[in-house]
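Worksheet for the structure shown next.
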Amino acid sequence: MVQNIFLFTGQETYLLDKELFRRKKWFLQKFGPDSIFSFSLDNLDIAQIKQAIYSSGLFTTKKLILVNWLPLDATTKLWEDTSEQLQTFVDALIKAEGKIPDDSLLVFISTTPDKRLKLYKFLEKNTAVKEFTQLKNNDLEQFVKNELSDCSIDHATIQYFLTKVGSDLYRIWFECDKLKTWTKIKNQKRIDDTMIDLIVFGQVETDSFALLKALFTNHTQAIKILEKIQEWWADRNQFAGMLYRALKFYIFMIDLDEIGLKDSKDIASFLKMNPWQVKNEYAKIALFKANKTNIEKFYTWLIELDSNIKSWKLPDTYFRLGIKKMINELV
């Protein structure tokens with residue numbers, strides 16, 4: 001196993017970037033700015049990469065060489081000359097069994113590498129591979145707790161927060177930072193759903209579920225929610241996308257219940273959704289089943305409305321009026 005070559009991979013770029021920052025900070029403090037070399041597709045000069053790895057440093061005893069986007073993913077193509085140089089470099093690295101000077105620490109960084117490539121296969125077999133996978137469920141909740149450690153927030157509120165912002169750690173970190181700032185401004189440590197609704201971006205997604213639930217219980221309330229979304233200046237495509245996802249979720253959930261899959265955790269796993277959100281929505285399964293025809297009808301109308309706008313049969317500004325008309329026409 002080669003000790004001074006690494007492959008950093010995985011789609012959770014927040015964790016990957018944090019690890020890179022930690023290593024760069026350590027090298028910077030211990031060996032100075034001349035100890036760090038960074039390359040990407042924008043400056044992929046193979047000759048310079050080889051020089052950084054194999055030449056002796058004039059002003060440092062150790063070197064950290066970061067090579068971003070290698071191994072390549074399945075879609076990226078290089079210029080023919082660069083591709084040939086890269087292949088020569090890879091062949092030489094493999095022939096030397098990955099042996100590079102002890103004073104060089106070489107890190108390849110590729111979030112979604114093409115696993116068929118020679119370089120990936122060599123790195124996977126002969127070097128330390130650190131995979132940064134996206135966090136789920138309890139790990140996501142713990143991340144939020146850590147970020148909001150100076151605040152007071154309970155389990156249900158964290159789950160509500162995650163329902164709004166999703167699982168991307170960069171976005172979670174950013175929204176947590178906004179909440180921390182707000183609690184300091186207001187001198188209020190406790191975070192509740194009201195504060196999240198006020199501060200956290202994601203109102204459209206939450207309101208899309210609220211709107212659909214109100215369709216079957218209170219048309220007047222549904223119209224008010226629609227007007228609230230309009231006040232937030234929600235992008236039409238974004239709002240339509242949220243409605244599509246919410247409607248499809250309800251349809252799938254009803255179908256799964258009807259074939260006997262009635263455990264919310266199993267449904268969440270099958271649909272790859274937040275278990276807390278599925279549990280909350282499944283609690284109203286009787287209401288949704290009673291309105292299955294209306295859900296399917298609304299889904300069909302939404303497709304027709306969206307299609308007519310995209311094909312210029314209706315103006316873009318008609319979207320919310322069209323939704324309001326659809327709400328009033330439901331029986």
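Listed by chain and residue number, Tyr318, Glu329 satisfy the side-chain contact (heavy atoms from CB on, under 4.5 Å) test with Lys325 (two or more places apart in sequence, or in another chain). With sequence neighbours excluded, the residues that form a side-chain hydrogen bond (donor to acceptor under 3.5 Å, both in side chains) with Tyr282 are Asp257. For Thr181, the side-chain contact (heavy atoms from CB on, under 4.5 Å) partners two or more places apart in sequence, or in a different chain, are Asp177, Ile185. By the side-chain contact (heavy atoms from CB on, under 4.5 Å) test, Thr300 pairs with Glu304, sequence neighbours left out.
At least one donor-acceptor pair under 3.5 Å links the side chain of Asp192 to the backbone N or O of Met195. When atom types are taken as modelled, the side chain of Glu97 and the backbone of Lys99 share no donor-acceptor pair closer than 3.5 angstrom. Counting only distance, with no hydrogens or angles, the side chain of Asp73 and the backbone of Ser110 share no donor-acceptor pair below 3.5 Å. No side-chain donor-acceptor contact under 3.5 Å links Thr157 to the backbone of Ile153. Side-chain N or O atoms of Glu131 include none that pairs as donor or acceptor with a backbone N or O of Val129 at under 3.5 Å.
Ring centroids of Phe108 and Trp69 are separated by 6.0 Å or more, keeping the two rings apart.
Under the 4.5 Å side-chain contact rule for hydrophobic residues, Leu70 and Trp79 do not share a cluster.
Ring pair Tyr14/Trp173 is tilted by interplanar angle, where 30° to 60° counts as tilted. Aromatic ring pairs are classed by plane angle as parallel below 30°, tilted from 30° to 60° and perpendicular above 60°; the pair Phe8 and Phe6 is perpendicular.
Taking every heavy atom of both residues into account, Met253 and Glu281 meet most closely at CE-O, 3.9 Å.
The environment of NZ in Lys284 is crowded: more than 12 heavy-atom neighbours from other residues, nucleotides or ligands sit within 6.0 Å.
Ion pairing of Lys289 with Glu258 is absent here, as no side-chain N (NZ or NE/NH1/NH2) approaches a carboxylate O to less than 4.0 Å. Asp114 has no carboxylate O lying under 4.0 Å from a charged side-chain N of Lys121, or vice versa, which leaves the two without a salt bridge.
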Donor-acceptor contacts, no H, no angles, side chain residues 144-152, under 3.5 Å, sequence neighbours left out:
unit_1, atom_1, unit_2, atom_2, d
Asn146, OD1, Gln142, NE2, 3.0
Asn146, ND2, Gln142, O, 3.3
Ser149, OG, Asn146, O, 3.3

Identify every side-chain donor-acceptor pair in residues 83-92 under 3.5 Å, counting partners at least two apart or on other chains, and give the distances.
unit_1, atom_1, unit_2, atom_2, d
Gln85, NE2, Asp81, OD2, 2.9
Gln87, NE2, Asp91, OD1, 3.1
Thr88, OG1, Glu84, O, 3.0
Asp91, OD1, Lys118, NZ, 2.8

